[in-house]
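First the structure, in the form of structure tokens, and then the observations on it.
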Amino acid sequence: MPADQLRRTRIQDLLTSTDLNREVLVKGWVRTRRGNKYVQFIALNDGSCLATLQVVADAEKFPEESLKEVTTGSCIAVRGQLVASQGKGQTVEIQATDIEVLGTADPEAYPLQKKATSLEHLREIAHLRPRTNTFGAVLRIRHALAFAVHDYFNRHGFYYVHTPIITGSDAEGAGQMFRVTTLPPEHPARTEDGSVDFSEDFFGKATNLTVSGQLEGELAAMALGQVYTFGPTFRAENSNTARHLAEFWMIEPEMAFFDLQDNMDLAEDFLQSLVKYALEHCAADLQFLNDTYDKELLARLRSVTDNAFQRLTYTEAVEILKSAKKKFEFPVDWGTDLQSEHERYLVEKHFQKPVILTNYPKEIKAFYMKLDDDGRTVRAMDVLFPGIGEIIGGSQREEDLGKLEGRMAEMHVPADELWWYLDTRRFGTAPHAGFGLGFERLVLFVTGMTNIRDVIPFPRFPKNAEF
RNA sequence: GCUUCCUUAGCUCAGCCGGUUAGAGCAUCUGACUGUUAAUCAGAGGGUCCCUGGUUCGAGCCCAGGAGGGAGCGCCA
């Protein structure tokens with residue numbers, strides 16, 4: 001390689017380097033430029049870390065006029081000496097010998113000037129918000145958590161199974177679905193009785209975007225033993241909250257030969273490992289979020305890694321809530337689903353740590369959950385987190401074909417559409433369990449953000465699919 | 001979908017009881033300043049007060065409808 005073919009170094013690597021007084025090349029986006037007619041300072045960020053690198057440009061080499069285009073938001077390449085900093089805010093800096101403007105950013109038009117903007121406004125410029133400290137930190141943490149998910153399962157003998165995004169069943173039991181079709185919306189083919197003729201559609205039948213990979217995950221678990229899916233899921237619910245998205249990523253492990261206890265053990269160890277990974281690998285970003293948004297963030301993360309989760313049955317929880325002094329807006333009664341206020345009371349007031357609730361009444365849970373011996377409850381589990389509410393929902397599955405068919409009939413789930421699912425119980429059925437973890441809810445918890453639309457790069461929610 | 005709050009400069013906001021030419025901080029621009037840390041100091045430019053209609057001598061302010069956004073709730077992950 002010729003001597004003048006200097007390779008770019010990431011800013012994170014330069015800031016941690018002890019190998020000073022050498023020529024380096026950095027490229028990134030300008031956060032600020034300040035100074036006087038003798039010396040100019042440029043704060044440069046390349047996304048590799050939260051911190052900026054200070055570029056020093058002396059007036060002898062760089063008259064102020066030559067730096068006119070080096071404005072907040074512009075992209076530059078800087079060649080220079082990596083030296084110990086004379087200033088106080090940083091240990092190293094670059095004494096620039098050459099600055100090339102790769103892309104200008106008109107200061108009158110660029111919306112991210114060096115001034116705090118609200119998260120609400122940043123949602124409207126979501127295409128640019130990754131350039132802010134906050135979203136840089138959130139996206140790096142999001143990446144770390146995604147990596148940690150794969151790392152955890154790989155280390156524990158799970159296989160990553162890619163379940164379909166487009167599904168032919170419209171009864172996965174987890175909510176309203178988005179239709180996938182190539183039929184013309186104005187004049188779709190009609191059958192004789194006037195309904196849309198999906199036999200003319202691309203797949204020859206009605207298809208939708210998946211709401212869950214669980215059922216397919218169960219098929220794989222009945223062959224590979226321990227599997228997981230990690231992919232996008234879609235819910236066409238008109239949900240307008242800070243905890244719901246129309247498009248979100250879900251992690252769904254499914255394990256043959258696991259009962260509800262094994263399932264809880266896995267969920268707890270999994271969540272603790274993920275949070276621990278973030279604490280170890282995203283220290284600077286987490287510290288920034290802690291200092292900027294939520295002074296309790298780091299303490300709350302450690303409370304998850306350092307405490308065993310409280311486990312109790314739905315029935316026990318109802319008793320605690322009934323004897324609680326607090327007045328609830330909604331009354332608590334055995335058989336009704338718990339409201340957000342009830343879950344919050346248990347997690348944030350009563351136990352003050354994560355809670356796993358189990359053995360819910362069968363009426364309020366899905367058809368595939370294994371019936372308890374009493375015939376009234378099912379082997380369900382919900383993991384409740386402070387500030388988030390339900391972060392995991394899971395269960396031991398009903399492995400008995402007859403009982404499963406009975407539950408499907410009771411709950412009006414069309415068995416003929418799920419013939420392939422029932423085959424798992426027909427041929428070599430086995431006890432098994434699994435759960436679903438909403439990835440964005442995990443990122444929400446770990447980052448301390450309060451709106452789920454701020455932890456996914458391009459949020460999809462009712463009336464919004466911009467970018 | 002329900003409840004509730006909000007919408008004024010590029011951003012974050014103030015604007016009294018309805019009353020003359022709608023303000024501040026930051027950003028931007030111009031200038032000053034020998035190493036700054038969201039630099040500092042001085043000055044300048046910058047407005048469809050979300051939209052439509054109404055009440056009034058007069059509306060940023062009151063009323064109605066609409067649009068957009070936030071928070072809470074429901075559905076859930």
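Computed from a predicted structure; not experimentally measured.
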>> Strictly under 4.0 angstrom, non-hydrogen atoms only: write out the protein contact profile of nucleotides 68-75 of chain B, one letter per nucleotide from the 5' end, B, S or -.
In response: --SSBBBB
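Scanning RNA chain B for stems, defined as runs of 3 or more consecutive Watson-Crick or G-U wobble pairs whose donor-acceptor distances all fall under 3.5 Å, gives the following ranges: B:1-7 with B:67-73, B:10-13 with B:23-26, B:28-32 with B:40-44, B:50-54 with B:62-66.
A/Glu252 comes within contact range of no nucleotide atom at all, as no heavy-atom separation falls under 4.0 Å. No contact: A/Glu60 has no heavy atom under 4.0 Å from any strand. A/Leu442 comes within contact range of no nucleotide atom at all, as no heavy-atom separation falls under 4.0 Å.
Here salt bridge (charged side-chain N to carboxylate O under 4.0 Å, His left out) pairs that include residues 441-458 of chain A, with residues two or more places apart or in two chains, are A/Arg123-A/Asp454, A/Arg129-A/Asp454.
Residue A/Lys37 places at least one side-chain N or O closer than 4.0 Å to OP1 or OP2 of B/C33.
By the ring pair (Phe, Tyr, Trp, His ring centres under 6.0 Å) test, A/Phe158 pairs with A/Phe153, sequence neighbours left out. With sequence neighbours excluded, the residues that form a side chain to side chain contact (heavy atoms under 4.5 Å, CB included) with A/Ser118 are A/Glu120, A/His121. Partners of A/Asp382 under the side chain to side chain contact (heavy atoms under 4.5 Å, CB included) rule, at least two apart in sequence or in another chain, are A/Tyr360, A/Lys365, A/Leu384, A/Glu390. Applying the ring pair (Phe, Tyr, Trp, His ring centres under 6.0 Å) test to A/Tyr160 and every residue at least two apart in sequence or in another chain returns A/His150, A/His162, A/Tyr228. Contacts of A/Glu410 classified as side chain to side chain contact (heavy atoms under 4.5 Å, CB included), with partners at least two apart in sequence or in another chain: A/Lys362, A/Arg407. Here A/Phe328 pairs with A/His342, A/Tyr345 under the ring pair (Phe, Tyr, Trp, His ring centres under 6.0 Å) rule; sequence neighbours left out. Listed by chain and residue number, A/Ser66 satisfy the side chain to side chain contact (heavy atoms under 4.5 Å, CB included) test with A/Pro63 (two or more places apart in sequence, or in another chain). Residues satisfying the ring pair (Phe, Tyr, Trp, His ring centres under 6.0 Å) criterion with A/His156, sequence neighbours excluded, are A/Tyr152.
By the 4.0 Å N-to-carboxylate-O rule, A/Asp46 lies too far from A/Lys27 to be salt-bridged with it.
A distance of 6.0 Å or more separates the ring centres of A/Phe439 and A/Phe248.
Using atom P as the reference point in both B/U8 and B/C16, the two lie 16 Å apart (nearest Å).
Taking only distance into account, the side chain of A/Gln54 meets the base of B/U36 through a donor-acceptor pair shorter than 3.5 Å. Remark: the A/Arg235 side chain and the B/A77 base include a donor-acceptor N/O pair separated by less than 3.5 Å.
Stacking between A/Phe248 and B/A77 is present: the aromatic ring centre lies within less than 5.5 angstrom of the base six-membered ring centre, and the two planes differ by under 30 degrees.
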Each nucleotide N or O in nucleotides 25-29 of chain B that has a protein N or O under 3.5 Å away: list the pair and distance.
{"unit_1": "B/U28", "atom_1": "O2'", "unit_2": "A/Glu108", "atom_2": "OE1", "d": "3.2"}
{"unit_1": "B/U28", "atom_1": "O2'", "unit_2": "A/Glu108", "atom_2": "OE2", "d": "2.6"}

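Nearest-nucleotide mapping onto RNA chain B: of A/Arg33 and A/His121, the residue sitting toward the 5' end is A/His121.
For the pair A/Leu50 CG and B/A38 C1', the interatomic distance rounds to 14 Å; values are reported in whole Å.
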